[in-house]
> 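Starting off with a structure, shown below.
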Amino acid sequence: MSRVTGFAIEHTAILDADGRLLQPLPAWCADPAALVELYRWMVLTRTFDTTAIALHRTGRLGTYASSRGQEAIAIGVGHAMHPDDVLLPSFREHGAQLLRGVLPEELLLYWGGDERGSNYSAPACRQDFPVSITVGGHASHATGVALAFKLRGEARAAVCLFGDGATSKGDVYEAMNFAGVQQLPVVFVVSNNAWALSTPRAEQSAGMTIAQKAIAAGFTGEQVDGNDVIAVRTRVGEAIDRARSGNGPHFLECLTYRMSDHTTVDDASRYRNPEEVEPWEARDPLSRLRAYLVGNGAWDEARDDTLRASCAATIDTAVQAYLDTPPQPPETLFDFLFEAPPQALREQRRTMLDAVKAAQARAEASGNV
Ligand SMILES: [Mg+2]
């Protein structure tokens, strides 16, 4: 018997949980100002997250997926992308969207059930895709975007984010396989947060790593400490640059942990031992970067207080803009699905409008308007 092939999966960590460097800083962040910028974005993202959950709890936002504890992945990815790359997010990467230019009030509109929240106003993110709630369904879109870049001869990359659960989906396998065959400029970034709703990682895949799934598709995969924003930014940045240079796809597995329930309508205590969560508090991506910056004189408590107040004010303003946005007429529910709606939907639209008019008439007749 002879060996046909073999593979290895590398793991990268640069900043440990206590904010100590495990290896020299990469060149892109030799100036601490670059790391301060990442820290600012992570604090803004967490402020947004905390506020969104409070809005849901008080009946002013729909079902929402928290990104608490996973900010380093979204911010590392968003920061590494070039303006003309295209982001295809899943539903827990609010930080990447904010960094790309999506307004916090647009994200709130989206999570409040208003599709105008996906009509991004900033030119920088107009070509980014909306949130994909369908698990892994956007992987094939990412491959399609990357194919377009290749056919047009454009040096751009598609960056597709999804969770560990998505990597068991046929959509993702098919997208990766095609990307490998065509050597497309796409970077797949997996937030392996140990849970896919109530399915633990051990029941998700028998593979030792998720990164090795890239090997079957004919391209490279690696692991990174997903709570270390320096490591994420460094490794995804290199992958994006390779993709833009015509060197094909890459797969990055970011190891993190879902600190929250799956969404605001989930109760993780029904299937998850709280003792499992506790050690991850000490691995928080924000506190470790803050510890590093403070230790190196690039940050202090006064600046932290100022930043938190500034983020709170930014998000409060966004909340007000969101709450002040008049709702759309109910029939718009049907208006953005097809350019020319099929007969069945036209009938449903008419039925709904008749029902709305009848309800209004009854309310007026009873004086209850
Ligand atoms: Mg997951």
Side-chain angles (χ1 to χ4, degrees), residues 9 11 42 45-46 49 52-53 63-78 87-97 111 129 131-140 142 159-173 175-176 187-214 221-229 231-232 235-236 251-281 283-285:
I9 298 296
H11 177 275
M42 289 202 292
T45 305
R46 185 159 299 182
D49 195 72
I53 292 169
T63 300
Y64 171 76
S66 171
S67 62
R68 185 179 181 81
Q70 299 183 208
E71 294 90 346
I73 300 168
I75 296 304
V77 168
L87 175 72
L88 296 101
S90 179
F91 47 79
R92 219 182 289 279
E93 292 91 20
H94 325 297
Q97 294 184 286
W111 290 100
F129 274 49
V131 166
S132 175
I133 292 292
T134 308
V135 172
H138 59 313
S140 53
V159 182
C160 186
L161 293 146
F162 43 74
D164 40 296
T167 66
S168 303
K169 297 286 294 291
D171 312 57
V172 173
Y173 280 117
M176 289 172 60
V187 178
F188 299 103
V189 180
V190 178
S191 299
N192 175 3
N193 64 5
W195 290 89
L197 216 175
S198 55
T199 303
R201 166 65 179 84
E203 292 175 28
Q204 189 61 246
S205 168
M208 181 179 286
T209 73
I210 289 177
Q212 70 201 57
K213 296 188 179 192
E222 65 177 304
Q223 274 188 344
V224 66
D225 180 343
N227 284 17
D228 172 0
V229 72
V232 174
R235 299 308 301 162
V236 80
F251 189 98
L252 197 75
E253 177 187 3
C254 304
L255 297 168
T256 184
Y257 192 83
R258 197 190 76 208
M259 301 303 291
S260 60
D261 296 322
H262 175 68
T263 67
T264 47
V265 292
D266 172 45
D267 176 6
S269 69
R270 295 178 64 183
Y271 54 82
R272 182 168 83 172
N273 186 344
E275 287 177 12
E276 184 187 313
V277 184
E278 209 177 303
W280 286 92
E281 290 283 2
R283 299 171 194 160
D284 184 71

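Indexing begins at 1, ligand by ligand and atom by atom, following the structure's order.
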> Output every pair passing salt bridge (charged side-chain N to carboxylate O under 4.0 Å, His left out) with a member in residues 66-75, not counting sequence neighbours, ordered by first then second residue.
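For residues 66-75, and leaving out neighbouring residues, the salt bridge (charged side-chain N to carboxylate O under 4.0 Å, His left out) pairs sorted by first residue read Arg46-Glu71.
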> Given a threshold of 2.8 Å, state how many protein N/O/S atoms are nearer than that to the Mg ion (ligand 1).
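Of the protein's nitrogen, oxygen and sulfur atoms, 3 lie under 2.8 Å from the Mg ion (ligand 1).
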> Among all residues two or more places apart in sequence or in another chain, which pass the salt bridge (charged side-chain N to carboxylate O under 4.0 Å, His left out) test with Arg92?
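Arg92 satisfies salt bridge (charged side-chain N to carboxylate O under 4.0 Å, His left out) with no residue once adjacent residues are dropped.
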> Please answer whether the main-chain N or O of Tyr64 pairs with a side-chain N or O of Thr264 as donor and acceptor at a distance below 3.5 Å.
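Yes; at least one donor-acceptor contact below 3.5 Å.
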> Which residues satisfy the salt bridge (charged side-chain N to carboxylate O under 4.0 Å, His left out) test with Glu93, sequence neighbours excluded?
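With sequence neighbours excluded, Glu93 shows a salt bridge (charged side-chain N to carboxylate O under 4.0 Å, His left out) to no residue whatsoever.
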> Can you give me the closest heavy-atom contact between Val224 and Ala231, atom names plus distance?
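In this case the closest contact between Val224 and Ala231 is CG2-CB, 3.5 Å.
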> Indicate yes or no for a side-chain donor-acceptor contact from Asp261 to the backbone of Asp267 under 3.5 Å, with no hydrogens or angles considered.
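Judged by distance alone, no pair lies under 3.5 Å.
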